[in-house]
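Since the structure comes first, as structure tokens, the remarks are kept for the end.
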Amino acid sequence: MNLFDVYQKKIETLLGEMSSAGELPAGLDLSRVKVEPPKDASHGDMSTNAAMVLGKPAGKNPREVGEAIAERLRKLDGVREVTLAGPGFVNFRLSPDVWQEIVAAVLAQGTAFGDSKMGQGEKVNVEYVSANPTGPMHAGHMRGAVIGDVLARLLTKAGYDVTREYYFNDAGAQVDVLGRTTYLRYREALGENIGEIPDGLYPGEYLKEVGAGMAKRDGDKWLNRPEADWIAPMRAFAVARMIENIKHDLDLIGIHHDVFTNEREIVENGTLEEVFKKLQDMDLIYQGTLPPPKGKEMDDWEPAELTLFRSSNFGDSSDRPLKKRDGTWAYIMPDIAYHYDKMRRGFNTMINVLGKDHGNYLDKMRPAVSALSNGKASITVMFCGMVKLFKNGEPVKLSKRSGNIITLREIVEEVGAGVVRFHMMTRTPDSEMDFDFAKVVEQSKDNPVFYVQYAHARCHSVMRNATAMFGAGVENEKFDLSRLNAEDDIQMIRLLASWPRFVVAAAEAKEAHRITIYLHDLASAFHTLWNKGREDATLRFLHENDRELSLARLALVRAVATVIASGLAVMGVEPLKEMHA
RNA sequence: GCGCCCGUAGCUCAACUGGAUAGAGUGUUGGCCUCCGAAGCUAAAGGUUGUGGGUUCGAAUCCCGCCGGGCGCACCA
């Protein structure tokens, strides 16, 4: 239930009536007409720009149009205090019962309050994490992992049919390195002294158990045999183990993908050839020579004739090679084929969460997606900035070379999954962010996770007190919403009522971090209201001698807790009923 | 050199995607616990939204030019 949608429709109907009555021309474009909360609450509950948007096409002064709109608006049920302001805003208030009903709606819908049908069941593919299975999840992965997952939750809440996907490469050079390192660990497990891990292999301890696992499964059958014999089984075994490992680590922060796709499948089932043929049929493939890249020192540049894709037809800065000089596929080809595969599976909206260092991924992929779908499919990339870790105020040095990585598991064990998730969402995705192990668990209002959780816990504290005061089961007793008539009550409800709007706006913009902003506002409003009760006893939630008011206020408090929980659910964070030190 | 992103209070970030007087936190200085959890609330203060033009009823937001920053620019993966 989105009140703003309700009044948007009412106003559109009203404008239609004005056209019929000849007060406005027929066939006006209403798409820019909006109903939103005014920036300054003292202007009213809602505001519409209709008069300003329609003034010009109607050939009338906006204020004149506004006056006519106001006239009709005054006659609507639930509307009061219609005023004309500024350049032509029509502001109005809603009568208290309209607001009070929101509390009932929230309690009836529970955390589903704020769900929207905006997405209309459209299939969306959100691809995130997608780390190659060469090591455990570490600090560098957590930002993208959480951003992708929360975006998926948000889009689901907004009515999209979301598939969470993980794509990994189980071929290629990195995976060969994994295979070789596993072989070394395998020999170690069989009793050999392997000494230091040589340069160019993965030094991390985590491959020890993989090698041991291999030794357990296959015994010594791979010893003293050439690499050509053992590299494939080592790779396969290690990849399978690492994927299990990754799934397990992701589970620690509540992340579960629906689909795992690997590059090998795409390559082996002939998708590359199919895509290539398709592009050929569209006359988008030719043999040619590219100019050397500009602005870069190229000591070994040699012009060569290559098989090129006319990506510049689709806005790319230059055409791109799909085959190398030796005739084998260029590396972007599997990626293109993979996106073709997604489209073939019915996804016209594809979202990719990547690190900022993949800066030109979109440039490379968009032309292909556009060509292969005749412009129907879209690919969006969300770039994530780096997370800088701090311990005791000192930056944590990370070195993958020495195997000195901070794993996701360590972080989650130290601060908890909810804290990690919430913090990753406190900034726009592409900004850099500091993550201080001490600060993120600090129990003060400086810490947004705590602040929001505290508000939720306080709500539950009120519920506990209500039980103590009025006996068990008070929350199920009937309440009279009309008792919520203090301006502060209504103020609180207004904020609750705007939650569905936030969901829609955040989903439209694909900016899940806005949810944290809303939650912080809501928590702040609740803390404020709480404290007002200290100075003005009439605003307290519970009144021993006024059971009816207490029940109504208790309903309000439960609604606040419900909306906080609804927001935290989008974040994938478990709401706390009690804070404990 | 080219492409993408960014530039908002001293600092870290918002601003519901074109709306009215640009808001929070932090830092500084005050006030509030016999009272539902003071782990909180509250007052003051801080701005030519990098800059110069343009578009319109209206611009932090859209367009163009500068200035400054980040990332990317191979047939590597």
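We name chains A, B, ... by the order of the sequence lines, and we start the count at 1 in each one. This is a predicted model, so every value here is computed, not measured.
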Quantified in whole Å, what is the [atom1] atom distance between nucleotide [N] and nucleotide [M]?
N: B:U55; M: B:G10; atom1: C1'; value: 35 Å
N: B:C6; M: B:C75; atom1: C1'; value: 32 Å
N: B:C57; M: B:G69; atom1: P; value: 38 Å
N: B:C33; M: B:G40; atom1: C1'; value: 10 Å
N: B:U49; M: B:U61; atom1: P; value: 10 Å
N: B:G52; M: B:U26; atom1: P; value: 33 Å
N: B:G46; M: B:C67; atom1: P; value: 34 Å
N: B:C2; M: B:U8; atom1: C1'; value: 29 Å

Pairwise N/O distances under 3.5 Å, protein to nucleotides 8-12 of chain B:
residue: B:U12; atom: O2'; partner: A:Arg427; partner atom: NH2; Å: 2.5

Which is true for [X] with a 4.0 Å heavy-atom rule: it touches a base, it touches only sugar-phosphate, or it touches nothing?
X: A:Ala505; value: sugar-phosphate
X: A:Pro38; value: base
X: A:Tyr451; value: sugar-phosphate
X: A:Asp521; value: nothing
X: A:Phe541; value: base

Q) Got a donor-acceptor contact below 3.5 angstrom from the A:Ser524 side chain to the A:His520 backbone? A)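 Here the side-chain-to-backbone pair does not exist.
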Between [N] atom [atom2] and [X] atom [atom1], what is the distance in whole Å?
X: A:Lys34; N: B:G18; atom1: NZ; atom2: P; value: 7 Å
X: A:Asp536; N: B:C41; atom1: CG; atom2: C1'; value: 14 Å
X: A:Lys364; N: B:A77; atom1: NZ; atom2: P; value: 12 Å
X: A:Lys439; N: B:G25; atom1: NZ; atom2: C1'; value: 12 Å
X: A:Phe4; N: B:U17; atom1: CZ; atom2: P; value: 12 Å
X: A:Glu578; N: B:C36; atom1: CD; atom2: P; value: 16 Å
X: A:Met52; N: B:A20; atom1: CE; atom2: C1'; value: 8 Å
X: A:Tyr454; N: B:C41; atom1: OH; atom2: C1'; value: 10 Å

Distance alone, cut at 3.5 Å: any donor-acceptor contact between the side chains of A:Ser31 and A:Asp29?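 Indeed, the side chains of A:Ser31 and A:Asp29 share at least one donor-acceptor pair under 3.5 Å.
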Tell me, do [X] and [Y] make a side-chain contact under 4.5 Å, heavy atoms counted?
X: A:Ser498; Y: A:Tyr518; result: yes
X: A:Leu522; Y: A:Trp499; result: no
X: A:Arg553; Y: A:Phe479; result: no
X: A:Met365; Y: A:Asn352; result: no

When you check the gap from the basic side-chain N to the acidic O, do [X] and [Y] get nearer than 4.0 Å?
X: A:Lys364; Y: A:Asp316; value: no
X: A:Glu487; Y: A:Arg494; value: yes
X: A:Lys439; Y: A:Asp434; value: no
X: A:Arg235; Y: A:Asp170; value: no

Does A:Arg514 count as lying over the ring of A:Phe502, i.e. NZ or CZ under 6.0 Å from the six-ring centre, within 45 degrees of the axis?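 No; the conditions do not both hold, so A:Arg514 does not lie above the ring face of A:Phe502.
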Tell me, please, whether A:Trp329 has A:Lys323 positioned over its six-membered ring: NZ or CZ under 6.0 Å from the ring centre and within 45 degrees of its axis?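 The answer is yes, since A:Lys323 meets both limits relative to A:Trp329.
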Supply the atom-to-atom distance [X] [atom1] to [Y] [atom2], rounded to the nearest 0.5 angstrom.
X: A:Ile336; Y: A:Leu272; atom1: CD1; atom2: CG; value: 9.0 Å
X: A:Cys459; Y: A:Trp530; atom1: SG; atom2: CH2; value: 8.5 Å
X: A:Met433; Y: A:His423; atom1: CE; atom2: NE2; value: 8.0 Å
X: A:Glu511; Y: A:Ile147; atom1: CD; atom2: CD1; value: 11.0 Å
X: A:Ile285; Y: A:Phe309; atom1: CD1; atom2: CZ; value: 7.0 Å
X: A:Leu151; Y: A:Met425; atom1: CG; atom2: CE; value: 7.5 Å

Intra- and inter-strand pairing of RNA chain B, written as dot-bracket with Watson-Crick and G-U pairs under 3.5 Å and | for the latter, reads (((((((..((((.....[...)))).(((((.......))))).....(((((..]....))))))))))))....
Legend entry - Crowding at CZ, A:Arg63 (>12 non-hydrogen neighbours, <6.0 Å):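 Count over threshold, so yes.
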B:A20 pyrimidine/purine six-ring stacking with A:Phe89, under 5.5 Å and 30°: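 Yes; centroid distance and tilt both under limits.
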- Query: Which residues within residues 320-336 of chain A lie with some heavy atom under 4.0 Å of an atom in RNA chain B?
  - Reply: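 The answer is A:Pro321, A:Lys324, A:Arg325, A:Tyr331.
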Within residues 511-520 of chain A: residues closer than 4.0 Å to RNA chain B (heavy atoms):
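Close to the strand are A:Glu511, A:Arg514, A:Ile517.
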Exercise. Pull up the glycosidic torsion of B:C33 and say syn or anti, syn being anything within 90° of 0.
Key: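 Syn, which is what one calls it when the glycosidic angle falls within 90° of 0.
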Nearest-nucleotide 5' precedence on RNA chain B, A:Asn91 against A:Glu305:
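The residue closer to the strand's 5' end, by nearest nucleotide, is A:Asn91.
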Which sits closer to the 5' end of RNA chain B, A:Arg32 or A:Glu263, going by the nucleotide each is nearest to?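 It is A:Arg32 whose nearest nucleotide is closer to the 5' end.
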Check your understanding: Ignoring hydrogens and angles, are the base of B:A20 and the side chain of A:Ser47 linked by a donor-acceptor pair under 3.5 Å?
Key ->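 Under the 3.5 Å cut-off, the side chain and the base do form a donor-acceptor pair.
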Can you classify the ring geometry of A:Tyr166 versus A:Phe168 as parallel (below 30°), tilted (30 to 60°) or perpendicular (above 60°)?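 The arrangement is perpendicular - the two ring planes meet at more than 60°.
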| task | Look at the rings of A:His460 and A:His456 and say which category their plane angle falls in: under 30° parallel, 30 to 60° tilted, over 60° perpendicular. | result |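 If you compare the ring of A:His460 with that of A:His456, the planes turn out tilted.
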Between protein and nucleic acid, restricted to nucleotides 42-44 of chain B and to nitrogen or oxygen atoms under 3.5 Å apart, what atom pairs and distances do you find?
residue: B:U42; atom: OP1; partner: A:Thr528; partner atom: OG1; Å: 3.0

Please list, for nucleotides 28-35 of chain B, all pairs of protein and nucleotide N/O atoms separated by less than 3.5 Å.
residue: B:C35; atom: O2'; partner: A:Arg540; partner atom: NH1; Å: 2.1
residue: B:C35; atom: O2'; partner: A:Arg540; partner atom: NH2; Å: 2.7
residue: B:C35; atom: O2; partner: A:Arg534; partner atom: O; Å: 3.3

inquiry  = Is there a side-chain contact between A:Lys56 and the phosphate of B:U56, meaning an N or O under 4.0 Å from OP1 or OP2?
reply    =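 It does not, given that no N or O in the side chain of A:Lys56 lies less than 4.0 Å from OP1 or OP2 of B:U56.
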